[in-house]
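Reviewing the structure listed below.
Because the structure is predicted, anything quoted here is derived from the model rather than measured. Only this structure's heavy atoms are used, side chains among them; waters, hydrogens and symmetry mates stay out. Here is how names work: the chains are called A, B, and so on, in the same order as the sequence lines, proteins then strands, and each is numbered from 1.
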Amino acid sequence: MKLDRLGDFQRTHRNGDLRLDHVGQTVRLLGWCRRVRNLGSLVFLDLRDRWGLVQLVANEETADPELLAKLKAVRSEFVLAAEGVVAERESKNPNMATGDVEIRLTGLRILNTAAPLPFPLEDEGVGEDLRLTYRFLDLRREQLQRNMLLRSEVANLTRNHFRELDFIDVETPILTKSTPEGARDYLVPSRVHAGEFFALPQSPQLFKQLLQVSGFERYIQICRCFRDEDLRADRQPEFTQVDVEMSFVRQEDVQGVIEPLMVKLAKVVGQDVTAPFPRLPYRDAMEWYGSDKPDLRCGIRIQDATALFAASGFNLFRAAAESQGQRRVRALYFPGEAAGAMSRKQLDALQETAKQMGAGGLPYAKWGKDGLASSFKKFLEPADEATLKTHLGVEGEGLALFAVGTDAQTSRVLGDLRVKVAADLAFFEKDESIRRALMDEGTFQFLWVVDFPLLEWSEENERFVACHHPFTSPHPDDMDLLETDPGQCRAVAYDLVLNGFEVGGGSIRIHDAETQSRMFRAIGIGEAEARTKFGFLLDALAFGAPPHGGLALGLDRLVMLLAGVDNIREVIAFPKTSQARCLMTNAPGPVDERQLRELHLLPEARQTYRVGAVFFESAEGGSAELRGQALQQISQLTPRQAQGLVTLDPNGQILDAQTLSGPTFEF
RNA sequence: GGGGUUGUAGCUCAGUCGGUUAGAGUGCCAGCCUGUCACGCUGGAAGUCGCGGGUUCGAGCCCCGUCAGCCCCGCCA
């Protein structure tokens with residue numbers, strides 16, 4: 001098909017903006033054909049641009065035959081420039097923003113054709129591998145256009161927010177140094193320095209701290225970070241971080257800068273949230289919610305029920321009560337008729353889930369229409385039941401689930417079931433207030449989890465490792481524990497949590513060399529090692545480092561939650577699959593051997609040198625040093641007639657040498 | 001590294017107990033159609049049943065392996 005040129009065509013309006021006010025005006029529009037409806041001598045076409053959709057029309061009576069023929073040749077996703085007059089429609093479409101008007105065509109340019117798309121843009125259920133292979137088409141879909149627009153809006157609001165607060169945006173290196181602690185690094189081989197590597201940043205952590213030493217006081221960067229770890233629905237190997245660092249601040253100061261930003265961002269998607277957000281110590285979060293990132297849309301709390309079973313006939317529970325706190329009985333109580341109506345089959349399914357999370361079983365007590373049903377009913381005297389009901393706060397119907405074990409075990413199981421079960425029950429629960437208590441869908445529940453432990457014991461490394469990172473300040477009240485009981489030492493570290501997702505994390509940093517040394521010592525990094533790995537940081541701390549702290553927000557995850565989608569790929573233009581591939585570009589891919597050699601990742605190939613007493617040169621390149629070696633070899637081999645072919649391996653070892661007869665001038 | 005799940009026409013899917021020529025909707029192509037807007041009607045083309053092997057008289061279906069997508073555990077300072 002012969003294409004038209006854009007030429008001097010100038011767009012006069014955005015397609016989505018046209019209204020009855022425009023009737024009578026001649027307009028020039030650009031965009032893609034969403035669909036043609038050809039009724040024979042009357043043809044409709046929906047033209048889409050970034051701002052909306054408008055209907056074009058032409059008919060046999062009024063339109064130029066050539067124009068009509070051209071219009072009929074248009075297929076979905078052709079790129080068009082259209083000129084026409086805005087007219088009120090004969091039959092209006094109330095489902096369309098521009099549904100009152102249409103454009104009576106007076107001119108049409110086909111700027112480009114389009115092959116039939118591999119998948120329909122309207123369809124929601126298209127396979128994700130296909131969508132990722134043709135991501136440029138996928139991004140034409142309304143949902144992704146909306147998501148990318150939202151993301152852009154969030155980034156702009158964020159920049160403006162920090163700009164108003166006098167933060168400075170500083171770029172930090174992408175080619176940087178591998179950090180020994182934490183996630184696996186993506187490595188970049190250095191061509192100039194054989195055998196050495198850059199690492200892509202997991203975060204600009206040290207740089208932003210050094211910028212505080214430099215005196216910038218308030219730093220912000222929206223930057224890409226990289227972690228070579230396995231993916232999840234909310235985790236990509238490269239991701240964007242809103243990176244913040246401030247001098248002369250306490251934890252509350254950092255939080256006080258972030259909270260109003262969250263209020264603004266929530267507002268973009270019509271959510272009213274109020275600052276300050278609740279602060280929840282890590283210990284309470286684990287005790288009440290079994291998670292360090294609790295979803296507070298669910299109001300149910302884990303309760304300790306150990307003491308109730310001190311004299312129980314149920315051995316499992318009594319043994320825990322007698323374990324002196326080593327093991328406990330903890331419970332979740334879900335009120336409501338939906339909970340009381342849980343079937344045996346559903347409870348069995350829950351038990352399976354619990355077992356997969358490492359629980360031995362899932363004892364339950366259910367108060368339904370027919371009274372009490374329980375997996376340990378035979379051990380429950382009427383008096384015990386009454387105590388249990390009082391303790392758990394049972395009124396009317398409901399379901400209690402129990403877990404027995406160490407705190408870590410029971411937290412994990414109950415923390416997970418808390419949200420899962422509550423969400424399921426809320427779906428069926430008829431009582432509005434109970435439903436809200438179970439799961440208040442459609443709200444944003446921010447909170448800060450604070451007072452994280454500074455260190456945790458790593459079985460793998462047989463030493464303590466930093467929970468957050470090794471630059472996190474110990475809690476001032478716990479400073480002595482660093483040496484006496486490191487596991488109990490709290491950190492001045494805080495996570496921002498939204499609806500069960502960690503959307504940010506930060507800490508007050510260590511700003512004096514002595515504390516930093518104590519920290520390194522606590523995690524088994526010796527003085528020499530600290531010097532090699534973090535020498536520049538230790539130096540910096542020695543030259544007037546101000547007290548400082550900050551935080552990083554996961555922009556992708558935040559936008560995901562704002563967009564109300566359950567996958568981070570939906571808010572990233574060109575994401576990787578869960579196997580860390582790009583299906584569109586097929587990255588990562590193999591590279592030429594030549595490239596590998598340049599990067600010193602493959603040994604240099606064997607090389608044959610033509611050498612002679614008068615001059616020598618390489619036949620196919622080779623290395624200058626080895627040419628000299630080849631010459632030496634041939635002169636030893638044939639002292640009088642030093643000319644020939646010498647093949648050396650990359651280390652200069654002779655693989656083959658032969659003399660050539662006669663003078664060497666013919667080279 | 002481990003577990004689960006999916007893979008059939010361009011797309012979304014159905015496919016019974018292992019049994020004749022693997023179907024539907026949609027998209028695509030052609031024709032008709034003056035008020036459509038998921039236009040309608042008629043006709044047509046379209047398949048390496050992810051790939052490889054095995055069992056069987058016979059495999060889309062059963063078995064083994066493998067690849068890819070998705071979810072989870074480990075991992076993610």
Side-chain angles (χ1 to χ4, degrees), chain A residues 34-47 53-63 68 72 75-77 87-96 98-99 102 104 114-134 137 179-185 202-203 205-206 225-237 239 352-353 356-358 412 416 420 452-456 458-461 464-472 491 493 502 505-507 519 523 525 552 554 557 566-567 569 576-581 583 586:
Chain A
R34 189 179 76 158
R35 187 173 275 115
V36 188
R37 289 179 295 280
N38 181 352
L39 276 63
S41 45
L42 177 68
V43 181
F44 298 101
L45 183 153
D46 292 333
L47 189 69
L53 203 63
V54 71
Q55 175 168 284
L56 312 182
V57 65
N59 73 50
E60 220 160 42
E61 285 168 21
T62 55
L68 198 66
K72 285 184 182 181
R75 295 290 177 270
S76 290
E77 300 305 315
E88 183 166 2
R89 284 202 202 182
E90 239 170 77
S91 45
K92 298 182 177 172
N93 183 350
N95 300 319
M96 220 170 147
T98 62
E102 63 192 0
R104 305 231 162 110
L117 264 44
F119 56 87
L121 298 185
E122 293 79 19
D123 222 359
E124 286 303 310
V126 178
E128 204 171 349
D129 41 353
L130 194 71
R131 290 176 49 202
L132 289 175
T133 306
Y134 297 95
L137 296 178
T179 48
E181 300 281 310
R184 265 187 285 269
D185 290 312
Q202 298 177 25
S203 117
Q205 181 60 36
L206 291 175
C225 302
F226 307 84
R227 290 177 194 176
D228 188 7
E229 294 293 346
D230 287 349
L231 282 67
R232 287 286 187 282
D234 64 347
R235 241 161 55 189
Q236 283 271 306
F239 59 97
E352 268 318 301
T353 314
Q356 277 163 20
M357 288 184 285
R412 185 168 172 197
D416 207 72
K420 252 184 210 146
F452 275 83
L454 183 71
L455 304 164
E456 66 186 341
S458 162
E459 291 294 341
E460 190 194 331
N461 299 309
F464 280 101
V465 294
C467 288
H468 191 52
H469 55 60
F471 320 110
T472 303
E502 179 196 333
S507 62
M519 179 68 179
I523 58 175
I525 296 184
R557 209 178 276 174
D566 56 11
N567 195 298
R569 291 186 298 273
K576 309 272 187 290
T577 68
S578 70
Q579 294 304 306
R581 274 191 175 283
L583 294 181
N586 266 321

What distance, rounded to whole Å, do you find between the two [atom1] atoms, one in [N] and one in [M]?
N: B:G19; M: B:G60; atom1: C1'; result: 13 Å
N: B:A45; M: B:G23; atom1: P; result: 13 Å
N: B:A24; M: B:G47; atom1: P; result: 14 Å
N: B:C29; M: B:C61; atom1: C1'; result: 34 Å
N: B:G3; M: B:U66; atom1: P; result: 11 Å
N: B:C72; M: B:C13; atom1: C1'; result: 26 Å
N: B:G27; M: B:A38; atom1: P; result: 12 Å
N: B:C28; M: B:U12; atom1: P; result: 16 Å

[N] pairs with, by Watson-Crick or G-U criteria that keep both distances under 3.5 Å:
N: B:U21; answer: none
N: B:A9; answer: none
N: B:G65; answer: B:C51
N: B:G58; answer: none
N: B:C32; answer: B:G40
N: B:A14; answer: none

Which residues pass the side chain to side chain contact (heavy atoms under 4.5 Å, CB included) test with [X], not counting sequence neighbours?
X: A:N95; result: A:N93
X: A:R581; result: A:T577, A:P588
X: A:N59; result: A:L42, A:E61, A:T62

Using the test side-chain hydrogen bond (donor to acceptor under 3.5 Å, both in side chains), find all partners of [X] that sit at least two apart in sequence or belong to another chain.
X: A:E502; result: none
X: A:R37; result: A:D46, A:Q55
X: A:Q356; result: none
X: A:S41; result: none

Check the distance between [N]'s [atom2] and [X]'s [atom1] and give it to me in whole angstrom.
X: A:N567; N: B:C72; atom1: CG; atom2: C1'; answer: 13 Å
X: A:F226; N: B:C76; atom1: CZ; atom2: C1'; answer: 16 Å
X: A:E229; N: B:C72; atom1: CD; atom2: C1'; answer: 16 Å
X: A:L45; N: B:C39; atom1: CG; atom2: P; answer: 11 Å
X: A:D185; N: B:C75; atom1: CG; atom2: C1'; answer: 14 Å
X: A:R412; N: B:C72; atom1: CZ; atom2: P; answer: 13 Å
X: A:R557; N: B:C76; atom1: CZ; atom2: P; answer: 14 Å

**Prompt:** With a 4.5 Å limit on heavy-atom distance, are the side chains of A:P118 and A:Y134 in contact?
**Reply:**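 Of all side-chain heavy-atom pairs linking A:Y134 with A:P118, at least one is under 4.5 Å.
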**Request:** Check whether any side-chain heavy atom of A:F239 sits under 4.5 Å from a side-chain heavy atom of A:R557, and report yes or no.
**Result:**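 A:F239 does not reach A:R557 side chain to side chain.
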**Message:** Heavy atoms only, 4.0 Å cut-off, all strands: where does A:T472 land among base, sugar-phosphate and nothing?
**Reply:**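 No contact.
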**Message:** By the 4.0 Å heavy-atom rule, please label A:Q205 as base, sugar-phosphate, or nothing.
**Reply:**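 Contact class for A:Q205: base.
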**Message:** Across nucleotides 30-38 of chain B, 5' to 3', mark each nucleotide with B, S or - according to how protein heavy atoms within less than 4.0 Å reach it.
**Reply:** S--BBBBBS
**Complete:** Quick tally for nucleotides 9-15 of chain B: nucleotides whose base has a protein heavy atom under 4.0 Å get B, sugar-phosphate-only ones S, the rest -, giving -SSS---
**Request:** For A:F464, enumerate each residue passing the ring pair (Phe, Tyr, Trp, His ring centres under 6.0 Å) test, keeping only those at least two apart in sequence or located in another chain.
**Result:**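 Partners of A:F464 by the ring pair (Phe, Tyr, Trp, His ring centres under 6.0 Å) criterion, ordered by chain and then number, come out as A:W457.
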**Prompt:** Rounded to the nearest 0.5 Å, how far does CD of A:Q202 lie from SG of A:C225?
**Reply:**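 That separation rounds to 9.0 Å.
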**Item:** Salt bridge present between A:E229 and A:R235 (N-O < 4.0 angstrom)
**Value:**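 Judged by the 4.0 Å cut-off on N to carboxylate O distance, A:E229 and A:R235 do not form a salt bridge.
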**Prompt:** Quick one: on RNA chain B, does A:T577 or A:S203 contact a more 5' nucleotide (nearest heavy atom)?
**Reply:**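 Looking at RNA chain B, the more 5' nearest nucleotide goes with A:T577.
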**Request:** Look at the side-chain N and O atoms of A:R569 and state whether any lies under 4.0 Å from the OP1 or OP2 oxygen of B:C71.
**Result:**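 For B:C71, OP1 or OP2 has a side-chain N or O of A:R569 closer than 4.0 Å.
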**Request:** Report yes if at least one side-chain N or O of A:S578 is closer than 4.0 Å to OP1 or OP2 of B:G69; otherwise report no.
**Result:**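 Answer no for this pair, as no side-chain N or O of A:S578 is under 4.0 Å from OP1 or OP2.
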**Asked** What residues, two or more places apart in sequence or in another chain, satisfy salt bridge (Lys or Arg N to Asp or Glu O under 4.0 Å) together with A:R75?
**Response**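 Not a single residue meets the salt bridge (Lys or Arg N to Asp or Glu O under 4.0 Å) criterion with A:R75.
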Look for any protein N or O under 3.5 Å of an N or O in nucleotides 1-8 of chain B and output each such pair with its distance, or none.
from	atom 1	to	atom 2	distance (Å)
B:G1	O6	A:D230	OD2	3.4

**CG (A:N461) with more than 12 external heavy atoms under 6.0 Å** =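 Result for CG/A:N461: enclosed.
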**Message:** Using only modelled atom types and a 3.5 angstrom limit, is any donor from either the side chain of A:R235 or the base of B:C75 paired with an acceptor on the other?
**Reply:**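 For A:R235, whose side chain was compared with the base of B:C75, there is a donor-acceptor pair (under 3.5 Å).
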